[in-house]
A.B. asks: 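A single structure is presented below for examination.
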Amino acid sequence: MMIDAQMPTRIVFGAGRLDELASLDLPGSHALVCTTGSARPERKALLGRVIRLLDGAEVEATVYEGITPNPTIGEVREACALAKERGCDFVVGLGGGSSIDAAKAVAMMMRQDGDLWDYAYTGSGGKKDIVDAAPVVAISTTAGTGTETDPYSVITKTETGEKLDFAADALYPTVSIIDPELMLSLPRDQTIYQGIDALFHAAECAITNRGVNRLVDVFALESISSVLTWLPVVVEDPSNIEGRTMLAYAADICSGYTQSLINTTSHHIIAQTIGGMFPSVAHGASLIMIAEEYYRRIAAFVPDELDRVGMYLGVDSCGYPAGQSFAVGLAGFFDRLGVRGLSMADCGIAWDDLPAIADAAVNRTGIADVDLYTLTEEDVLGILQRSYR
């Protein structure tokens with residue numbers, strides 16, 4: 001057994017704990033608040049509440065409301081320019097993974113020279129080292145990406161359709177406030193997609209870990225079991241605060257920790273590629289659409305790992321071909337949630353688009369160095385074609 005861990009983010013977790021923002025030792029005196037320009041009354045009210053709490057902590061707030069569901073390099077540039085113009089010394093990411101990821105990218109470019117894309121480590125990125133970033137305070141309103149406790153930011157470059165990762169220890173939030181009360185109004189589809197995202201973060205990290213780092217498996221099992229138990233509950237009863245709390249624990253802490261310790265599989269890279277090329281497709285939806293065929297394809301490479309994770313989903317590998325129990329478990333869970341029939345065509349993805357997605361995932365983003373196996377462009381295209389409906 002081996003353990004190798006670094007988890008530097010202070011976590012303030014629990015229902016009603018947003019109010020503690022006013023009493024925290026915050027990392028500066030002027031915050032840029034990165035959030036979406038949502039017209040929903042509860043979101044406007046939350047922004048006002050956060051500004052008042054920052055004022056109570058004697059912190060001035062400048063607000064940037066231009067973040068979109070797949071944050072872009074243009075939004076990061078605008079927000080960073082505003083932060084520098086107003087003299088901000090730290091960044092608050094208020095919202096879901098998009099707002100927090102954007103906040104991390106802005107914080108990075110407040111302390112780095114050049115352009116953001118110089119620091120992307122795949123695709124057309126410049127692969128420069130990220131050595132510093134302004135502090136980030138994350139205030140989460142969703143349970144999905146794990147960005148609250150991991151060192152990643154995912155940003156889209158609209159000119160090329162690339163949706164790429166930025167990663168460095170400097171991108172860990174200084175403080176993450178995870179208050180499940182802020183998640184009670186999440187729409188049904190968004191709740192499902194984020195819960196599935198959390199499940200895959202945990203499962204994929206368990207697969208790539210191969211049982212080496214004990215903490216990865218501990219956090220992964222905790223996350224998966226919580227999502228399996230509580231996501232169907234919350235889908236049926238969105239106001240169930242216990243369920244919202246357990247999903248936030250699974251996604252924003254346990255799955256975030258797994259990603260801090262090891263990488264996911266190329267399932268995530270292919271799904272991110274779809275999101276970069278088709279920004280209206282929710283990340284969780286893109287994961288669901290290709291999952292069963294992806295894991296059927298890689299069963300020959302990592303059968304023991306897939307059967308072990310399949311057991312986490314409650315599927316006994318006996319009676320199935322080696323490595324297939326995870327895909328079987330996923331199919332059953334997707335059926336239970338009513339999302340197994342998600343259609344690429346309904347999301348605006350045409351059959352003729354599939355070769356371009358495969359090319360971008362393999363040849364532009366690159367997946368060979370991520371997995372315990374190497375998928376070719378032909379492999380990825382086959383997964384996409386078999387998944388297409």
Side-chain angles (χ1 to χ4, degrees), residues 6-13 17-18 20-36 46-47 50-51 53-54 57 59-68 71-73 75-84 86-112 116 119-120 129-155 164-179 182 248 251-253 255-257 259-260:
Q6 175 180 319
M7 300 165 189
T9 299
R10 177 183 176 185
I11 297 171
V12 180
F13 179 91
R17 298 198 69 184
L18 174 61
E20 296 179 31
L21 177 63
S23 59
L24 292 175
D25 183 16
L26 296 173
S29 59
H30 191 163
L32 178 78
V33 180
C34 284
T35 190
T36 61
L46 176 59
L47 176 59
V50 167
I51 292 172
L53 289 168
L54 289 171
V59 171
E60 184 179 353
T62 293
V63 178
Y64 178 82
E65 294 185 85
I67 305 301
T68 56
T72 68
I73 187 172
E75 294 160 17
V76 172
R77 289 167 179 158
E78 287 182 358
C80 188
L82 180 61
K84 291 179 178 180
R86 300 290 178 85
C88 299
D89 49 13
F90 74 105
V91 187
V92 173
L94 172 61
S98 296
S99 294
I100 298 171
D101 277 9
K104 290 180 177 183
V106 170
M108 181 177 77
M109 294 315 298
M110 287 168 64
R111 297 273 184 91
Q112 302 276 167
L116 174 67
Y119 301 91
D129 291 336
I130 302 167
V131 297
D132 198 8
V136 172
V137 173
I139 302 174
S140 184
T141 61
T142 66
T145 69
T147 191
E148 298 83 356
T149 51
D150 74 28
Y152 294 98
S153 170
V154 182
I155 305 295
L164 301 184
D165 293 312
F166 299 78
D169 286 351
L171 299 185
Y172 278 105
T174 302
V175 179
S176 284
I177 299 176
I178 305 169
D179 183 343
L182 307 182
D252 299 342
I253 297 179
S255 286
Y257 280 173
Q259 294 174 102
S260 297

A.B. asks: Evaluate the side-chain proximity of Leu21 to Val50: yes if any heavy-atom separation is below 4.5 Å, no if none is.
C.D. replies: yes
A.B. asks: Can you tell me how far CE of Met7 sits from OH of Tyr172, rounded to the nearest 0.5 angstrom?
C.D. replies: 7.0 Å
A.B. asks: Evaluate the side chain to side chain contact (heavy atoms under 4.5 Å, CB included) criterion for residues Leu182 and Ser140: first the C-alpha distance (whole Å), next the side-chain angles of each, then the deciding distance (0.1 Å), finally the verdict.
C.D. replies: CA-CA 8 Å; Leu182 307 182; Ser140 184; over 6 Å; no
A.B. asks: Closer than 3.5 angstrom, by distance alone: can the side chain of Ser260 be matched with the main-chain N or O of Thr149 as a donor-acceptor pair?
C.D. replies: yes
A.B. asks: So, for Leu171 and Ala133, which heavy atoms are closest and what is the spacing to 0.1 Å?
C.D. replies: CD2-CB, 4.2 Å
A.B. asks: Would you call Asp25 and Arg10 a salt bridge, taking side-chain N to carboxylate O under 4.0 Å as the test?
C.D. replies: no
A.B. asks: Strictly distance-based, threshold 3.5 Å: is any side-chain N or O of Gln112 a donor or acceptor partner for the main-chain N or O of Asp132?
C.D. replies: yes
A.B. asks: Which pair of non-hydrogen atoms, one from Asp89 and one from Ala134, has the smallest distance, and what is that distance?
C.D. replies: O-CB, 4.0 Å
A.B. asks: Under the 3.5 angstrom rule, does the side chain of Asp179 hit a backbone N or O of Leu18 as a donor-acceptor pair?
C.D. replies: yes
A.B. asks: Compute whether any side-chain donor of one residue and acceptor of the other, for Asp101 and Thr147, lie under 3.5 angstrom apart.
C.D. replies: yes
A.B. asks: Is the number of heavy atoms from other residues, nucleotides or ligands within 6.0 Å of CZ (Arg17) greater than 12?
C.D. replies: yes
A.B. asks: For the side chain of Thr35 and the backbone of Leu94, is there at least one donor-acceptor N/O pair under 3.5 Å apart?
C.D. replies: yes
A.B. asks: Roughly how far, to the nearest 0.5 Å, is CD1 of Ile177 from OG1 of Thr141?
C.D. replies: 12.5 Å
A.B. asks: Roughly how far, to the nearest 0.5 Å, is CD1 of Ile130 from NZ of Lys104?
C.D. replies: 10.5 Å
A.B. asks: Measure the shortest side-chain to side-chain distance between Ile11 and Ile178 over non-hydrogen atoms and say whether it is less than 4.5 angstrom.
C.D. replies: yes
A.B. asks: Ser255 and Ala251: which non-hydrogen atoms are nearest, and at how many Å?
C.D. replies: CB-O, 3.5 Å
A.B. asks: If you define the side chain from C-beta out and look only at heavy atoms, does anything of Leu164 sit under 4.5 Å from Ile155?
C.D. replies: no
A.B. asks: Would Val131 and Met108 count as a side chain to side chain contact (heavy atoms under 4.5 Å, CB included) if you check the C-alpha gap in whole Å, the side-chain angles of each, and the deciding distance to 0.1 Å?
C.D. replies: CA-CA 9 Å; Val131 297; Met108 181 177 77; over 6 Å; no
A.B. asks: Contact between Ser176 and Val12 at the side-chain level, heavy atoms closer than 4.5 Å - yes or no?
C.D. replies: no
A.B. asks: What are the two closest non-hydrogen atoms of Glu148 and Pro173, and how far apart are they?
C.D. replies: O-CG, 3.3 Å
A.B. asks: Are any side-chain N or O atoms of His30 and backbone N or O atoms of Arg86, one a donor and one an acceptor, separated by less than 3.5 Å?
C.D. replies: yes
A.B. asks: Test Arg77 against Thr72 for side chain to side chain contact (heavy atoms under 4.5 Å, CB included), laying out the working first.
C.D. replies: CA-CA 9 Å; Arg77 289 167 179 158; Thr72 68; over 6 Å; no
A.B. asks: Can a side-chain donor-acceptor contact be found between Ser29 and Glu60 if the only test is distance below 3.5 angstrom?
C.D. replies: no
A.B. asks: Side chain to side chain contact (heavy atoms under 4.5 Å, CB included) with Phe90: which of Val175, Val59, Val136?
C.D. replies: Val59
A.B. asks: Is there a side-chain contact between Tyr64 and Val33 in this structure, where contact means two heavy atoms from C-beta onward sitting under 4.5 Å apart?
C.D. replies: no
A.B. asks: Nearest 0.5 Å, what's the CD1-OG1 distance between Ile100 and Thr142?
C.D. replies: 6.5 Å
A.B. asks: To the nearest 0.5 Å, tell me how far Met109 CE sits from Phe166 CZ.
C.D. replies: 9.0 Å
A.B. asks: Exactly one of Leu32, Val106, Val63 should register a side chain to side chain contact (heavy atoms under 4.5 Å, CB included) with Leu82. Which one does?
C.D. replies: Leu32
